[in-house]
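In what follows, a structure is listed as structure tokens, so that the remarks can point back to it.
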Number of protein chains: 2
Amino acid sequence: MDQLDRKIIAALRVNGRATYADLGRSVGLSASSVHERVGKLEAAGVITGYHATVDPSTVGLGVTALVGIHPTDTATDEDVAAALGELAEVESCYAVAGDEAFVVKVRVPTVDELEHTLGRLRRIPGVGRTNTTVVLSTRFESRPNNAGLDEEPAPGA
Amino acid sequence: MDQLDRKIIAALRVNGRATYADLGRSVGLSASSVHERVGKLEAAGVITGYHATVDPSTVGLGVTALVGIHPTDTATDEDVAAALGELAEVESCYAVAGDEAFVVKVRVPTVDELEHTLGRLRRIPGVGRTNTTVVLSTRFESRPNNAGLDEEPAPGA
DNA sequence: CGTGAAATTTTAACTTT
DNA sequence: AAAGTTAAAATTTCACG
């Protein structure tokens, strides 16, 4: 991974549909060289995918909440995480340090649906108390974070 | 927005680099029809962008944390949000209900850097106490959530 | 890493339903 | 209006130097 790879990655984070020709013009390489580099970055697991971003409110997902999940000792974290993954409303799932085992981000159409989703969460074996924080507005989200692309990767990455 | 639009959106959430020809084959339309629909979805603000997803650990961002931010009355929420947006390490920013004004997700190379970032956060006018939850592992993140695409949008979306 | 070339896709104009 | 057809321009993708 050299500086050119980092530039290509940064460009693809901003515009995941940029053509190889575009990228080549941005970084000063031929389209075929960019193509080859991107293929290697994908194969190496650096670039894990490309995804369209959708305004949630336009597709009927107007309510976002962050839910802390306290564990019970009736199931392993792995089983709980797998069960959380079964719920379509759970968009992200983090295992965390502290009193809670997980923090998840859920996205649902209405607060009514949020209530139902919380009920489903609490019915998962290994899930104890939940602590829900309702999101009032998303100021920004999943922003391209190039902090790691400006310098060399930290040792042991 | 009809069922075909929803299928196109779902496909682009999974693979944001799918060609219009691919999408056409998936949904049973010609490439040019898909092209026209996608253009309208972009213009309508339904599709807001396309982004490559990168494995953070491969670019030297091995530490993730969720930070709750308690407000003081020395700045408006808008000013605090703007200041948070200036920090490259802050990837997402949610204004939330409850004791905290914001919850942000930060991504940094090391715990040392996390300490520095928390210092920068606390130095922002309007930011009081912070409450940091370190992420031990990301089970899944920003998953395509098609819950809203299966049915019609909630009224008032 | 670049060049060149064939296959594919993009994109707009036009036609059809 | 919405979808299909056509065709020219651009891009993708691969072999080779």
Side-chain angles (χ1 to χ4, degrees), chain A residues 1-61 144 146 148-153 157, chain B residues 1-55 58-60 144 146 148-157:
Chain A
M1 264 248 299
D2 60 10
Q3 195 54 38
L4 289 170
D5 284 329
R6 285 187 261 274
K7 278 189 185 177
I8 292 168
I9 291 168
L12 282 172
R13 286 227 268 204
V14 173
N15 178 13
R17 274 183 91 82
T19 68
Y20 297 123
D22 284 337
L23 296 169
R25 281 186 282 270
S26 306
V27 306
L29 284 178
S30 68
S32 62
S33 293
V34 173
H35 181 241
E36 188 180 1
R37 280 170 179 266
V38 171
K40 284 178 183 171
L41 289 168
E42 290 169 354
V46 176
I47 296 175
T48 58
Y50 305 88
H51 307 281
T53 305
V54 172
D55 180 344
S57 69
T58 65
V59 294
L61 294 172
N146 292 340
L149 296 176
D150 297 335
E151 62 246 32
E152 64 279 4
Chain B
M1 264 248 298
D2 60 10
Q3 195 56 37
L4 288 170
D5 284 330
R6 285 187 262 274
K7 279 189 184 177
I8 292 168
I9 292 167
L12 281 172
R13 284 227 268 205
V14 173
N15 178 12
R17 274 183 91 82
T19 67
Y20 297 123
D22 283 338
L23 296 169
R25 281 186 283 270
S26 307
V27 308
L29 284 177
S30 68
S32 60
S33 294
V34 173
H35 181 242
E36 190 180 359
R37 280 172 178 265
V38 171
K40 285 179 183 170
L41 289 168
E42 290 169 357
V46 177
I47 296 175
T48 57
Y50 305 88
H51 307 282
T53 305
V54 172
D55 179 346
T58 65
V59 293
N146 292 340
L149 296 176
D150 297 333
E151 61 245 32
E152 63 281 5

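Just so it is clear, the values below take in all heavy atoms, side chains as well, and ignore hydrogens, waters and symmetry mates. Protein chains get the first letters and strands the later ones, always in sequence-line order, with residue 1 at the start of each.
Taking NE2 of B:His35 as the reference point, atom OG of B:Ser32 lies at 9.0 Å (rounded to 0.5 Å). The distance from the CG atom of B:Asp2 to the CG atom of B:Asp5 is 4.5 Å, given to the nearest 0.5 Å. Distance check: B:Leu41 CG to B:Ile47 CD1 gives 5.0 Å after rounding to the nearest 0.5 Å. Considering CG of B:Leu12 and NE2 of A:His51, their distance stands at 11.5 Å, rounded to 0.5 Å.
When rounded to the nearest whole Å, the span between CZ of A:Arg37 and P of C:dC1 equals 4 Å. The interatomic distance linking B:Gln3 (CD) with D:dA3 (P) rounds to 14 Å, in whole Å. The nearest whole Å value for the distance from the CZ atom in A:Arg25 to the C1' atom in D:dT12 is 13 Å. The distance between atom CD1 of B:Ile8 and atom C1' of D:dA3, rounded to the nearest whole Å, is 12 Å. For B:Glu36 and D:dA1, the CD to P distance is 12 Å, given to the nearest whole Å. Computed from coordinates, the B:Leu23 CG to C:dT10 C1' distance equals 13 Å when rounded to whole Å.
For the pair A:Arg37/A:Leu29, a side-chain contact is recorded, criterion being any heavy-atom separation below 4.5 Å from C-beta on.
Which of C:dG2, D:dT13, D:dG4 sits closest to the side chain of A:Tyr20 comes down to D:dT13. Picking from C:dT10, C:dT9, D:dG4 the nucleotide with the shortest atom distance to the side chain of B:Asp22 gives C:dT9. Across D:dT5, C:dG2, D:dT11, the shortest atom-to-atom separation from the side chain of A:Ser30 is found for C:dG2.
A sub-4.0 Å separation between OP1 or OP2 of D:dT11 and a side-chain N or O of B:Arg17 is absent.
Across the interface with DNA chain D, nearest-nucleotide mapping of A:His35 and B:Leu29 shows B:Leu29 to be the residue nearer the 5′ end. Comparing B:Ala21 and A:Ala31 against DNA chain C, the residue whose closest nucleotide sits nearer the 5' end is A:Ala31.
Nucleic acid contact class of A:Ser32 (heavy atoms, under 4.0 Å, all strands): base. Among the heavy atoms of the strands lying under 4.0 Å from B:Thr19 are primed sugar atoms or P, OP1, OP2 only; no base atom is included.
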